[in-house]
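Presented below is the structure to which this report refers.
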Amino acid sequence: MEADGQLSCEEGGDATPQASQDSSSAQPEADSAVSNGGDSDSDKELVEFKIIWNKNKYDVKLPLDSTGASLKQKIHTLTGLPPAMQKVMFKGLLPEDKTLREIKVTNGAKVMVVGSTINDVLAVTTPKETIQQEVKEEENKKEPLCRQKQHRKVLDKGKPEDVMPSLKGVQERLPTTPISGMYNKSGGKVRLTFKLEQDQLWIGTKERTEKIPMGSIKNVISEPIEENDDYHMMAFQLGPTEASYYWVYWVPAQYVDAIKDTVLGKWQYF
């Protein structure tokens with residue numbers, strides 16, 4: 001009986017250490033499931049917005065401190081468009097070095113993307129780059145535009161009283177309101193409205209408003225107005241020849257580069 005009691009005691013004593021061992025071996029597994037507190041998107045302030053490209057809409061969630069370059073990489077993942085072929089627009093052309101916070105992207109915002117795939121580029125038979133180069137070479141052969149008779153009759157009217165203020169030597173993004181107070185070739189008042197969400201340029205006069213797809217504009221040229229070089233005269237090439245130029249006079253100098261970048265896009269090769 002004593003032997004039996006001793007055996008029973010030994011068996012009972014073995015149960016406790018075994019349970020303790022199982023408990024301690026499970027501890028590392030529990031510890032491994034605990035976050036180390038490393039950085040992740042969930043730890044950052046996020047913004048949710050839509051990417052619109054080629055009539056397709058993509059819901060995107062990114063950290064507010066992501067740069068424009070990071071957004072382009074995200075667009076590449078979603079659409080297959082290489083970053084160099086993207087024209088991304090949010091209140092003007094998206095700067096790659098600014099963050100989404102700095103350009104004030106908010107929840108529910110719409111970011112427009114215009115761009116063509118490599119196959120689309122190769123399929124085009126008449127490169128825009130060639131057209132632009134030919135136009136530039138032709139311009140160099142001529143006298144300054146503002147001295148030509150066809151333009152002098154408009155410029156000699158003088159600066160419009162309601163023209164927008166200009167800033168020489170400064171580059172600004174497009175304003176959120178139309179650029180107004182300018183003249184067209186007939187001497188009538190004209191305003192330019194950039195409808196980025198529709199990828200259209202609206203050219204408005206007293207009589208009507210022309211809604212022009214930006215992708216159909218072949219080129220944009222400009223030249224400072226002599227003795228008023230804080231303003232430019234500018235033409236939008238709507239067809240294959242100079243006869244298709246739509247002229248606008250007294251464009252504030254600070255918007256010239258933004259207009260060209262928005263209409264043509266730095267990424268355009270055709």
Is there side-chain contact between [X] and [Y], with at least one heavy-atom pair below 4.5 Å?
| X | Y | value |
| --- | --- | --- |
| V111 | L94 | no |
| P95 | R173 | yes |
| K153 | D156 | no |
| M214 | V114 | no |
| V251 | M182 | yes |
| I221 | Y245 | yes |
| T79 | N54 | no |
| L78 | V60 | yes |

Could you grab the distance from atom [atom1] of [X] to atom [atom2] of [Y], nearest 0.5 Å is fine?
| X | Y | atom1 | atom2 | answer |
| --- | --- | --- | --- | --- |
| K87 | D261 | NZ | CG | 9.0 Å |
| L71 | I103 | CG | CD1 | 7.5 Å |
| I51 | K110 | CD1 | NZ | 12.5 Å |
| E172 | D257 | CD | CG | 11.5 Å |
| C146 | E227 | SG | CD | 9.0 Å |
| D199 | I212 | CG | CD1 | 12.5 Å |

Minimum heavy-atom distance between [X] and [Y], given as atom pair plus value:
| X | Y | result |
| --- | --- | --- |
| I52 | K57 | CG1-CG, 4.0 Å |
| G239 | K218 | O-CG, 3.5 Å |
| Q237 | S244 | CG-OG, 3.6 Å |
| S166 | Y231 | OG-CE1, 3.3 Å |
| P83 | Q73 | CG-NE2, 3.6 Å |
| G158 | Y183 | O-CE1, 3.5 Å |

Going by atom type alone, with no hydrogens or angles, which donor-acceptor pairs under 3.5 Å involve a side-chain atom of residues 189-196 and a protein atom two or more places apart or on another chain?
unit_1, atom_1, unit_2, atom_2, d
K189, NZ, D162, OD1, 2.8
K189, NZ, D162, OD2, 3.1

Check: [Y] main-chain N/O paired with [X] side-chain donor or acceptor under 3.5 Å:
| X | Y | answer |
| --- | --- | --- |
| Q86 | V113 | no |
| K185 | V154 | no |
| W53 | G115 | yes |
| T67 | S70 | yes |
| K157 | G187 | yes |

- Query: Hey, which of D59, L62, N107 is the one that makes side chain to side chain contact (heavy atoms under 4.5 Å, CB included) with F49?
  - Reply: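 Exactly one pass, corresponding to L62.
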Hits for salt bridge (charged side-chain N to carboxylate O under 4.0 Å, His left out) against K159, two or more places apart or cross-chain, chain-then-number order -> none
Taken in chain and number order and not counting sequence neighbours, the residues that satisfy salt bridge (charged side-chain N to carboxylate O under 4.0 Å, His left out) with D229 are K168
Among all residues two or more places apart in sequence or in another chain, which pass the side chain to side chain contact (heavy atoms under 4.5 Å, CB included) test with R147?
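Testing R147 for side chain to side chain contact (heavy atoms under 4.5 Å, CB included), a comparison that skips the adjacent residues, returns E143, P144, E226.
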Fill in: Connected via hydrophobic side-chain network under 4.5 Å: W202 and F236
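No, separate clusters.
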The side chain to side chain donor-acceptor pair (under 3.5 Å) partners of T241 (sequence neighbours excluded) come to none
* **Steps toward side chain to side chain contact (heavy atoms under 4.5 Å, CB included) verdict (L64, K44)** => CA-CA 8 Å; L64 265 173; K44 301 175 182 177; over 6 Å; no
Begin with the C-alpha distance, continue with both residues' side-chain angles, and end with the deciding distance and a verdict on side chain to side chain contact (heavy atoms under 4.5 Å, CB included) for K211 and Q198.
-> CA-CA 10 Å; K211 301 179 180 180; Q198 297 167 296; over 6 Å; no
Got a sec, which pairs hit side-chain hydrogen bond (donor to acceptor under 3.5 Å, both in side chains) with one end in residues 247-256, sequence neighbours left out?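 Every pair satisfying side-chain hydrogen bond (donor to acceptor under 3.5 Å, both in side chains) with a residue in residues 247-256: H151-Y249.
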For M233 and L145: C-alpha separation, side-chain torsions, deciding distance, then whether side chain to side chain contact (heavy atoms under 4.5 Å, CB included) applies.
CA-CA 8 Å; M233 50 188 294; L145 293 170; 3.8 Å; yes
Practice prompt. Can you establish whether the number of heavy atoms outside E102 located under 6.0 Å from its atom CD is more than 12?
Written response: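 Above 12, so yes.
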Go through the steps for F90 and L100 under the test side chain to side chain contact (heavy atoms under 4.5 Å, CB included), then give the verdict. CA-CA 10 Å; F90 180 75; L100 302 183; over 6 Å; no
